[in-house]
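Step one of this worksheet: look at the structure below.
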Number of protein chains: 2
Amino acid sequence: MAEATPRAMREHYHHGALRQAMIAAAEEVLAERGLGGFTLRECARRAGVSPAAPAHHFGNLTGLLTAIATLGFDDLSTAMDAAVAAAQEAGTSRLAAIARAYVETALANPGRFRVVFGQRGIDREDPAFRAASTRAFAILVREVRFGRGLPPLQLPDGKPSADALDPELPEVLLAWSAVHGFSTLLIDGALDFLAEGNRQAFLDRHAARLFGLLASALSVEDGPVSAREA
Amino acid sequence: MAEATPRAMREHYHHGALRQAMIAAAEEVLAERGLGGFTLRECARRAGVSPAAPAHHFGNLTGLLTAIATLGFDDLSTAMDAAVAAAQEAGTSRLAAIARAYVETALANPGRFRVVFGQRGIDREDPAFRAASTRAFAILVREVRFGRGLPPLQLPDGKPSADALDPELPEVLLAWSAVHGFSTLLIDGALDFLAEGNRQAFLDRHAARLFGLLASALSVEDGPVSAREA
DNA sequence: AAATCATCTTGACGGCGTCAAGATAGCGAG
DNA sequence: CTCGCTATCTTGACGCCGTCAAGATGATTT
């Protein structure tokens, strides 16, 4: 497949599905070496193609990363939706399930997760990316509203009107910030001094309590419920 | 100062304070071009020195970034402590003040903030870095405990014993995750589709509510306050 | 005054992303 | 059926990157 003989080159001069092949190679490289070790040339190498070939399909490195980011966002949506369905079934907290799914997706392939959040130049105006991003955000909004006993919002097609989701925005932002922050802190090793070399044990020990705390914080009806016996 | 004549070169063959100069240059580059446009060679250029000169002081790029990260963590600590003092004075929520300070620090110099959290290879085992990191974490722990009406923890010197801070760990993690996640989402532009081109207005509009929500969530006395009428 | 040592320069290496120019092949129009 | 068109891919080059080995320089110690 990656033959170097003139014969094979002649036969495969036109790759035929380079775009797909590049994306597959990119996912591979990200999983293997992370975002730091990610290289356009290496992806081209694995796709069995010259370094300049991808330009025609993706424009440049940013284009490739944007494509990866779009897929990554879709995976995030898929994982969250699946988690919600499972929690629904099991009768457990849907918000906690979403949180778990988000963090697990990030930890499963940190390099890819970092691409999604543009640690290395993606095109946020790209229509496909925007669509994927909006889709994921809508899931979060829907679940936060569900957690507060509110009916789902009518999301015509494009982005939800800012006014419509304004009332619950702080809750949504808190939810997203918390799961996203926890994910990045874990990925970047900022919590390693607490995990003492065993990240999984650390998660088993504290993640559920953290997610539960978040879910219950978001379910609280109104203002400060403190002042209980302070 | 950055003369190129042999004369000046001879006079300045030994820079004398290259370490400082490199750090200053690095901060400059980070502020100007962000972490993506950050380059060891560019820093050396601004310090008026050859590309290989910094090696003697920092080892390699990672060494320089680690030094920057250490300073960045210290700034985070300073900002948080100042915010707490101010809130104390004003009688407002100390936790909300810390949150605001954290986010503001991140937004003030995103490139530097990204260095702190190792988006580009730092040495987390570096003693100075570890100390700075522990210091900042201790502030967070102290304030979360204060918010819950608990006395400050005895932190001998090194890291706090894991057992001692175990009870409040979920709250601390939630606090850190939320402020960190909000910061990175903002920095990475993931919230731009909500901010509609005016990030400051967006913050003015929603940040206070978000921080207030977080602070009150952390002040809740005990377990799930949900199940109220679910 | 001589020797030692930290500091800095020079020149080179391989790897990167990108670009211009040319080779190749599939495809539609005649 | 063939001719040309166009999308696709290669080649070779450019400037930039981080790093290294070897040598120059100057401060410090002996």
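A, B, ... follow the sequence lines: proteins, then strands. Residue 1 opens every chain.
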Below 4.0 Å: OP1/OP2 of dC9(D) and any side-chain N or O of R19(A): no

For atom CZ of R120(B) and atom P of dC17(D), their distance in whole Å: 11 Å

Proximal nucleotide (of dT9(C), dG18(D), dC16(C)) relative to the R41(A) side chain: dC16(C)

Nearest-angstrom distance from the residue atom CZ of R45(B) to P of dC8(C): 18 Å

DNA chain C: 5'-proximal contact among G59(A) and E42(A) (nearest heavy atom): E42(A)

V49(B) side chain, from C-beta outward: closest of dC16(C), dC8(C), dT18(C): dC8(C)

D81(A) and R135(A) ion-paired at < 4.0 Å: no

Given D188(A), N109(A), T184(A), the one that forms side chain to side chain donor-acceptor pair (under 3.5 Å) with R114(A): D188(A)

Distance below 4.0 Å between S50(A) side-chain N/O and dC9(D) OP1 or OP2: no

Interatomic distance where CZ belongs to F58(B) and P belongs to dG18(D) [whole Å]: 14 Å

Interatomic distance, L61(B) CG vs dC16(D) P [rounded to whole Å]: 18 Å

Residue mapping more 5' on DNA chain C - nearest nucleotide basis, A52(B) or H56(B): H56(B)

Position toward the 5' end of DNA chain D (nearest nucleotide), A53(A) or L40(B): A53(A)

L18(A) CG to dT10(D) P, straight-line distance once rounded to whole Å: 8 Å

More than 12 heavy atoms of other groups within 6.0 Å of E28(B) CD: yes

Whole-Å distance separating the CZ atom of R33(A) from the C1' atom of dC16(C): 13 Å

Spacing between N60(B) atom CG and dC20(D) atom P, to the nearest angstrom: 7 Å

Phosphate-side-chain proximity, H57(B) and dA6(C), N/O vs OP1/OP2 below 4.0 Å: no

4.5 Å side-chain heavy-atom contact, Q119(B) and L35(A): no

Over 12 non-hydrogen atoms of neighbours within 6.0 angstrom of CD in E32(B): yes

